[in-house]
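A short worksheet on the structure shown next.
Note that this is a predicted model, so its numbers are computed, not measured. Only this structure's heavy atoms are used, side chains among them; waters, hydrogens and symmetry mates stay out.
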There are 2 protein chains.
Amino acid sequence: MRRDTIEHGSAGRGASGTAPRRVLLEAQDRFISAWGQMGATWGISRTMAEIHALLFITGESLCTDDVMERLHISRGNASMSLRALCDWGIVTRAHRRGDRKEYFEAEQDAWSILQKVVRERIKREINPLLALLYEIRELTGVPGETERAREADTAVSAHNTRMDAMLQLLRVTDELGNKFTAASGEQVRRTADMLAGLEDA
Amino acid sequence: MRRDTIEHGSAGRGASGTAPRRVLLEAQDRFISAWGQMGATWGISRTMAEIHALLFITGESLCTDDVMERLHISRGNASMSLRALCDWGIVTRAHRRGDRKEYFEAEQDAWSILQKVVRERIKREINPLLALLYEIRELTGVPGETERAREADTAVSAHNTRMDAMLQLLRVTDELGNKFTAASGEQVRRTADMLAGLEDA
DNA sequence: CGTGATTTTCAGAATATTCTGAAAGCATCG
DNA sequence: CGATGCTTTCAGAATATTCTGAAAATCACG
């Protein structure tokens with residue numbers, strides 16, 4: 001994919017912003033790239049991650065055209081990606097009085113972003129997987145019952161052991177995720193500070 | 001992508017296996033599909049995840065041809081994917097005396113698989129991202145120093161606050177991941193059992 | 001309603017990823 | 001060595017994903 005770096009410089013005209021401003025724009029661009037890259041490796045479309053990065057790092061509410069211009073993407077792409085970000089709950093729609101346009105802003109609390117992403121991924125990916133695995137597990141005997149006939153079959157019983165181990169792992173992961181996403185901002189903040197402290201020790 | 005379900009049935013000939021065996025094969029196939037699907041949504045190629053699922057759920061050591069046949073994939077694909085799984089540390093090469101072929105087997109402990117995947121993803125994805133973000137953070141002032149000129153600039157200082165929040169989140173995540181991947185099997189098992197218990201409460 | 005501004009949708013184009021198969025590489029054995 | 005059996009590599013094909021742009025839908029307001 002083509003990814004051109006934007007020149008926020010003095011190229012051309014002299015009045016293109018003060019030095020701190022140029023540095024800020026450059027830092028934003030690099031943040032956007034880094035975030036986009038990360039999104040891509042975790043199964044989120046790069047553009048979606050970039051739009052999110054843009055809204056987060058500028059902290060402003062931007063309209064579709066702002067996003068299109070800054071990221072060089074089409075209207076359709078911007079529209080669809082923004083909607084998806086809203087569905088994930090990490091971007092919200094906003095309006096300005098006397099302006100028909102719709103503006104978007106990103107959740108500004110980093111931990112809250114993570115909570116929302118985790119919540120959504122559990123709901124969309126872990127839970128359906130768990131349901132499937134339970135279904136598959138039952139093909140080879142109900143876990144509770146001790147089925148004589150099947151317990152005798154070494155292959156089946158080994159299979160069941162493996163399935164049960166995987167199910168436990170997913171259940172625990174699911175539960176841990178639920179605990180985390182249910183935590184209040186205060187709880188998360190205190191825990192994070194504690195863990196951040198540990199790391200220096 | 002085309003994904004055909006394999007018929008492990010009595011179709012055609014009568015001697016195609018006992019009933020438990022057919023059920024086992026069906027359960028394996030469905031596990032493989034589910035696992036492949038999950039891999040795909042988490043940024044791992046579907047085939048790689050499927051091969052891993054196959055090796056895990058059968059518990060056997062299989063050679064390249066076994067994998068090719070069961071999953072209907074080409075030799076090249078099988079070879080590359082198996083190598084990648086070995087690089088991730090969740091599949092190991094094995095040999096049988098009097099046989100030149102190479103066999104592969106999957107780590108059988110589910111928690112250990114997760115530990116290895118987490119370790120690798122931290123190393124490959126979180127750490128480089130952290131490095132990038134530190135670099136970007138320094139464009140707008142060194143965190144420690146109180147730079148008068150820049151502190152005055154509201155936009156820059158808000159930017160720095162956001163960057164610092166994101167950096168803290170990633171540092172804590174990284175550290176948590178390291179703690180988890182460093183835990184012994186015994187520690188993990190005890191913790192998991194504890195958490196599994198909590199969930200029923 | 002009618003008009004103009006804005007947003008959404010979606011077929012087809014562009015791009016990126018994954019897969020194949022045949023050729024090249026590498027051991028091991030006779 | 002040279003043949004044999006197995007593995008790896010990689011260019012090009014197949015497939016999946018993402019993006020575009022223009023048409024259709026929606027909306028706000030007179």
Side-chain angles (χ1 to χ4, degrees), chain A residues 1-4 32-33 35-55 61-88 91-105, chain B residues 1-4 32-33 35-55 61-88 91-105:
Chain A
M1 183 189 276
R2 202 174 103 79
R3 284 284 147 185
D4 43 4
I32 292 166
S33 288
W35 207 244
Q37 173 57 42
M38 189 210 51
T41 61
W42 284 83
I44 284 161
S45 108
R46 179 190 299 269
T47 298
M48 226 178 100
E50 286 188 343
I51 295 177
H52 176 251
L54 171 62
L55 292 169
S61 40
L62 304 176
C63 68
T64 308
D65 294 83
D66 295 335
V67 173
M68 288 167 59
E69 191 181 335
R70 181 82 186 256
L71 263 35
H72 297 104
I73 60 175
S74 72
R75 184 171 302 284
N77 194 3
S79 173
M80 305 260 272
S81 300
L82 281 165
R83 163 209 273 280
L85 286 167
C86 292
D87 290 347
W88 276 77
V91 164
T92 52
R93 292 162 196 274
H95 295 277
R96 291 182 185 172
R97 61 203 154 77
D99 189 344
R100 281 220 212 146
K101 276 207 289 287
E102 211 162 13
Y103 287 77
F104 297 88
E105 40 197 49
Chain B
M1 184 190 274
R2 201 174 104 79
R3 285 283 149 186
D4 43 6
I32 291 166
S33 287
W35 207 244
Q37 174 58 42
M38 189 210 51
T41 63
W42 285 84
I44 284 161
S45 107
R46 180 189 297 269
T47 300
M48 226 177 99
E50 286 187 343
I51 295 177
H52 176 250
L54 170 62
L55 291 170
S61 40
L62 303 177
C63 67
T64 307
D65 293 84
D66 295 334
V67 173
M68 289 167 59
E69 190 181 337
R70 181 82 186 254
L71 263 33
H72 296 103
I73 61 175
S74 72
R75 184 171 302 282
N77 195 2
S79 173
M80 306 258 274
S81 300
L82 282 165
R83 162 208 274 281
L85 286 167
C86 291
D87 290 346
W88 277 76
V91 164
T92 51
R93 292 162 196 274
H95 294 277
R96 291 183 185 171
R97 60 203 155 77
D99 190 343
R100 283 221 213 146
K101 277 206 289 286
E102 213 162 10
Y103 287 77
F104 296 89
E105 40 197 50

Subject >> Rounded interatomic separation in angstrom, taking NZ from B:Lys101 and C1' from C:dT28 >> reply: 15 Å
Subject >> side chain to side chain contact (heavy atoms under 4.5 Å, CB included) evaluation trace for B:Leu82 with B:Leu55 >> reply: CA-CA 10 Å; B:Leu82 282 165; B:Leu55 291 170; 4.1 Å; yes
**OP:** Write down the distance between CG (A:Asp99) and P (D:dC27), rounded to a whole number of angstrom.
**Re:** 17 Å
Original post:
Looking across every strand, which nucleic acid part, if any, lies under 4.0 Å from A:Arg75 by heavy atom: base, sugar-phosphate, or nothing?
Top reply: base
Subject >> Closest approach of B:Val91 to B:His52 (non-hydrogen atoms, all atoms of both residues) >> reply: CG2-CD2, 4.2 Å
**OP:** Report the distance from atom CE of A:Met68 to atom P of C:dT7, rounded to the nearest whole Å.
**Re:** 10 Å
Original post:
CD of B:Glu50 versus C1' of C:dC19: gap in Å, rounded?
Top reply: 13 Å
Subject >> C:dT6 phosphate, OP1 or OP2, under 4.0 Å from A:Thr64 side-chain N/O >> reply: no
**OP:** Identify which nucleotide among D:dT18, C:dG21, D:dT7 has an atom closest to any side-chain atom of B:Ser74, counting heavy atoms from C-beta outward.
**Re:** C:dG21
Original post:
How many Å lie between NE2 on A:His72 and C1' on D:dT18, as a whole number?
Top reply: 18 Å
Original post:
Just to confirm, is there a sub-4.0 Å distance from OP1 or OP2 of D:dT8 to any side-chain nitrogen or oxygen of B:Arg93?
Top reply: yes
Subject >> Spacing of A:Asn77 atom CG relative to C:dA13 atom P, expressed in whole Å >> reply: 18 Å
Original post:
Is the distance from OP1 or OP2 of C:dT8 to the nearest side-chain N or O of A:Ser79 less than 4.0 Å?
Top reply: yes
**OP:** Report the C-alpha separation of A:Arg75 and A:Met68 in whole Å, then their side-chain angles, then the decisive distance to 0.1 Å, and conclude whether the side chain to side chain contact (heavy atoms under 4.5 Å, CB included) test is met.
**Re:** CA-CA 6 Å; A:Arg75 184 171 302 284; A:Met68 288 167 59; 3.7 Å; yes
**OP:** Report the distance from atom CH2 of A:Trp42 to atom C1' of D:dT17, rounded to the nearest whole Å.
**Re:** 21 Å
**OP:** Would you mind telling me which residue lines up with the more 5' stretch of DNA chain D, B:Cys63 or A:Met48, judged by nearest nucleotide?
**Re:** B:Cys63
**OP:** Decide yes or no on side chain to side chain contact (heavy atoms under 4.5 Å, CB included) for A:Asn77 and A:Leu71, but give the supporting numbers first.
**Re:** CA-CA 11 Å; A:Asn77 194 3; A:Leu71 263 35; over 6 Å; no
Subject >> side chain to side chain contact (heavy atoms under 4.5 Å, CB included) between A:Val67 and A:Phe104, intermediate numbers included >> reply: CA-CA 10 Å; A:Val67 173; A:Phe104 297 88; 5.9 Å; no
Subject >> Short side-chain N/O contact to D:dT9 OP1/OP2 from B:Arg83, under 4.0 Å >> reply: yes
Original post:
So which one's nearest nucleotide on DNA chain C is more toward 5', A:Arg100 or A:Met80?
Top reply: A:Arg100
Subject >> Nearest-Å distance for atom pair CG/C1', residues B:Leu71 and C:dT20 >> reply: 15 Å
Original post:
Which nucleotide in the set D:dT18, C:dG21, D:dT8 lies at the smallest distance from any side-chain heavy atom of A:Thr47?
Top reply: D:dT18
